[in-house]
There are 2 protein chains.
Amino acid sequence: MQVSARGEYAVRIAVTLATGHPRTISASSLAAVQALPRKFAEVILGDLRRAHLVDSVRGVEGGYRLSREPEAVSVGEVLRAVDGPLSEIRGRRPEETSYEGAAVNLPRLWVAARAAVRSVFDEVSLAQAATGEFPVRIAELTAADEAWMPR
Amino acid sequence: MQVSARGEYAVRIAVTLATGHPRTISASSLAAVQALPRKFAEVILGDLRRAHLVDSVRGVEGGYRLSREPEAVSVGEVLRAVDGPLSEIRGRRPEETSYEGAAVNLPRLWVAARAAVRSVFDEVSLAQAATGEFPVRIAELTAADEAWMPR
DNA sequence: GCATATCCTATCGATCAAGTAGGATTCAAG
DNA sequence: CTTGAATCCTACTTGATCGATAGGATATGC
């Protein structure tokens with residue numbers, strides 16, 4: 001479940017927009033407050049705009065704002081907008097894989113893994129990510145000390 | 001949760017070894033039966049050997065076999081041996097991330113996502129992956145039609 | 001018309017992924 | 001004690017992608 005710099009930046013930008021909603025915030029302001037490269041932030045905001053997750057306003061006093069309410073946008077949507085699909089197996093969708101011999105059951109495993117990832121990123125809204133009030137299922141996942149240990 | 005070609009190949013090789021356990025199987029035989037490049041398979045088997053997941057025997061009649069019983073090796077271990085950690089956020093471990101402002105709660109989200117991935121790959125053994133008799137929790141994840149749909 | 005934004009196109013260096021090449025080394029069987 | 005089949009080691013290539021930057025065209029409010 002590798003999240004690229006683009007993905008991380010996009011979510012940071014999105015939760016910042018969620019917190020300021022419905023005010024519009026400029027790219028330089030977003031970049032400054034989250035300490036990321038301004039030009040790169042512009043590129044990412046372009047991706048989010050083309051995915052219809054944010055609206056943009058040009059000119060002085062312009063900037064970006066979420067297209068929908070922060071409660072109605074999931075983190076998964078943001079990540080998909082900038083990186084592609086949440087889960088890929090050697091560049092293919094899990095359900096598109098197919099194997100011979102001892103590996104015939106692997107597609108089910110890949111699909112299960114994707115479902116697990118979705119159950120986190122598609123079930124957390126930008127509003128929840130901003131406030132830290134995660135759904136119970138998500139909170140439970142982070143409750144065990146073990147979840148915080150590298151492996 | 002991107003799985004690279006190395007990762008996919010490694011798991012396919014591992015379940016093949018699990019099925020043949022405890023016989024030793026040569027790299028060319030593994031490559032042939034799973035239809036993957038022989039030289040690349042050799043590289044991957046080297047990774048698995050250095051991770052102490054497989055033992056190798058040189059010479060004629062040589063080959064590879066699992067170091068432990070197929071029930072005692074998880075898919076997660078195989079994936080970690082060839083790609084690195086299951087989950088990384090911009091190249092860092094989830095628990096090592098840290099943010100200012102609206103993004104302060106994101107580390108919990110990253111940790112939750114990693115926990116979700118682990119709950120699949122670390123809970124499925126090579127024996128289960130080979131037979132298709134997955135744990136109930138995993139089977140449930142693949143039961144819904146929705147799990148098989150792209151998004 | 002000027003300051004401040006977004007927006008568009010192009011480029012760049014570094015890194016990595018996937019795979020290949022060639023051969024040195026090991027070992028059992030005959 | 002040779003031979004053939006296997007692991008193992010080092011190096012290389014090729015292409016794509018990632019993370020960014022540059023420079024300016026375009027829009028907008030005052």
Side-chain angles (χ1 to χ4, degrees), chain A residues 2-13 17 20 23-67 79 81-85 88-92, chain B residues 2-13 17 20 23-67 79 81-85 88-92:
Chain A
Q2 315 290 77
V3 175
S4 66
R6 291 172 80 89
E8 194 210 43
Y9 293 172
V11 175
R12 288 163 67 187
I13 287 169
L17 289 175
R23 295 201 326 273
T24 93
I25 309 178
S26 73
S28 18
S29 176
L30 288 164
V33 73
Q34 279 297 318
L36 18 109
R38 186 188 117 250
K39 275 296 199 183
F40 200 17
E42 284 186 24
V43 172
I44 290 165
L45 282 159
D47 289 342
L48 296 179
R49 178 177 51 81
R50 277 181 291 274
H52 304 107
L53 294 178
V54 305
D55 294 331
S56 61
V57 180
R58 296 175 81 146
V60 182
E61 301 284 296
Y64 299 85
R65 101 180 103 233
L66 292 179
S67 301
L79 289 174
V82 295
D83 298 338
E88 285 185 331
I89 310 302
R90 192 161 60 114
R92 291 174 186 71
Chain B
Q2 316 289 78
V3 176
S4 66
R6 292 171 81 89
E8 194 209 42
Y9 293 172
V11 175
R12 289 163 68 187
I13 287 170
L17 289 174
R23 293 200 328 273
T24 94
I25 309 180
S26 73
S28 19
S29 176
L30 288 164
V33 74
Q34 279 297 319
L36 21 109
R38 185 188 116 250
K39 276 296 199 182
F40 200 18
E42 284 186 24
V43 172
I44 291 165
L45 283 159
D47 289 341
L48 296 179
R49 178 177 51 80
R50 277 181 290 275
H52 304 107
L53 293 178
V54 304
D55 294 330
S56 62
V57 180
R58 295 177 79 149
V60 182
E61 302 284 297
Y64 299 86
R65 99 181 105 232
L66 293 178
S67 300
L79 288 174
V82 295
D83 298 337
E88 285 186 332
I89 310 301
R90 194 163 57 115
R92 291 176 186 71

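Numbered from 1 within each chain, the chains take letters A, B, ... in sequence-line order.
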**Study point:** Distance in angstrom units between A/Glu8 CD and D/dA20 C1', rounded
**Key:** 15 Å

Practice item. From the options D/dT28, D/dA6, D/dA5, select the nucleotide whose nearest atom is closest to the side chain of A/Arg58. Key: D/dT28

Study note, to complete from the structure: Closest non-hydrogen atoms of B/Val3 and B/Glu8, given as atom of the first, atom of the second and distance, are CG1-N, 3.5 Å

**Study point:** DNA chain C: 5'-most and 3'-most nucleotides touching chain A, 4.0 angstrom heavy-atom criterion
**Key:** C/dA3 to C/dC8

Practice item. Answer yes or no: is there a side-chain heavy-atom contact under 4.5 Å between A/Ile13 and A/Val54? Key: no

Check your understanding: Atom CG of A/Asp47 and atom C1' of D/dG19: how far apart are they, to the nearest Å?
Key -> 13 Å

Point to revise | Any side-chain heavy-atom pair of A/Ser4 and A/Arg6 under 4.5 Å | key: yes

Point to revise | A/Arg12 side chain to A/Gln34 backbone, donor-acceptor under 3.5 Å | key: yes

Review point. Starting at the 5' end of DNA chain D and moving along, which residue's nearest nucleotide shows up first, A/Glu61 or B/Arg50?
Key: B/Arg50

Practice item. Using whole Å, report how far OH of A/Tyr64 lies from C1' of D/dA27. Key: 12 Å

Practice item. Figure out the CD1/P separation between B/Ile25 and D/dT7, and round it to whole Å. Key: 11 Å

Revision key, fill the gap. Between B/Ala27 and B/Leu45 the two heavy atoms that sit nearest each other are CB-CD1, 3.8 Å

Review point. Hey, is the side chain of A/Tyr9 poking within less than 4.0 Å of OP1 or OP2 on D/dC18, counting only N and O atoms?
Key: no

Review point. Picking from D/dC8, D/dA20, D/dG4, which would you name as closest to the side chain of A/Phe40?
Key: D/dA20

Study note, to complete from the structure: A/Leu45 atom CG is separated from D/dG19 atom P, nearest whole Å, by 16 Å

**Study point:** Spacing of B/Arg65 atom CZ relative to D/dA6 atom P, expressed in whole Å
**Key:** 16 Å

Practice item. Look at the side chain of B/Glu42 and the base of D/dC8, then say whether one donor and one acceptor between them are separated by less than 3.5 Å. Key: yes

Exercise for review: Please check the phosphate of D/dT7 (OP1 and OP2 only) for any side-chain N or O of B/Arg38 closer than 4.0 Å.
Suggested key: no

Review point. If you find the nucleotide of DNA chain D closest to B/Val43 and the one closest to A/Gly59, which residue's nucleotide is nearer the 5' end?
Key: B/Val43

**Study point:** Shortest side-chain distance from B/Ala27, nucleotide among D/dT7, D/dC9, D/dT28
**Key:** D/dT7

Study note, to complete from the structure: For B/Asp55 and B/Ser67 the tightest heavy-atom approach is OD1-OG, 3.0 Å

Check your understanding: Can you check whether A/Gln2's main-chain N or O pairs, donor with acceptor, with B/Glu88's side chain at less than 3.5 Å?
Key -> no

Point to revise | Protein-nucleotide distance (A/Lys39, atom NZ; D/dC18, atom C1'), rounded to Å | key: 18 Å

Exercise for review: Let me know the distance between CD of A/Gln2 and C1' of D/dT17, rounded to the nearest Å.
Suggested key: 14 Å

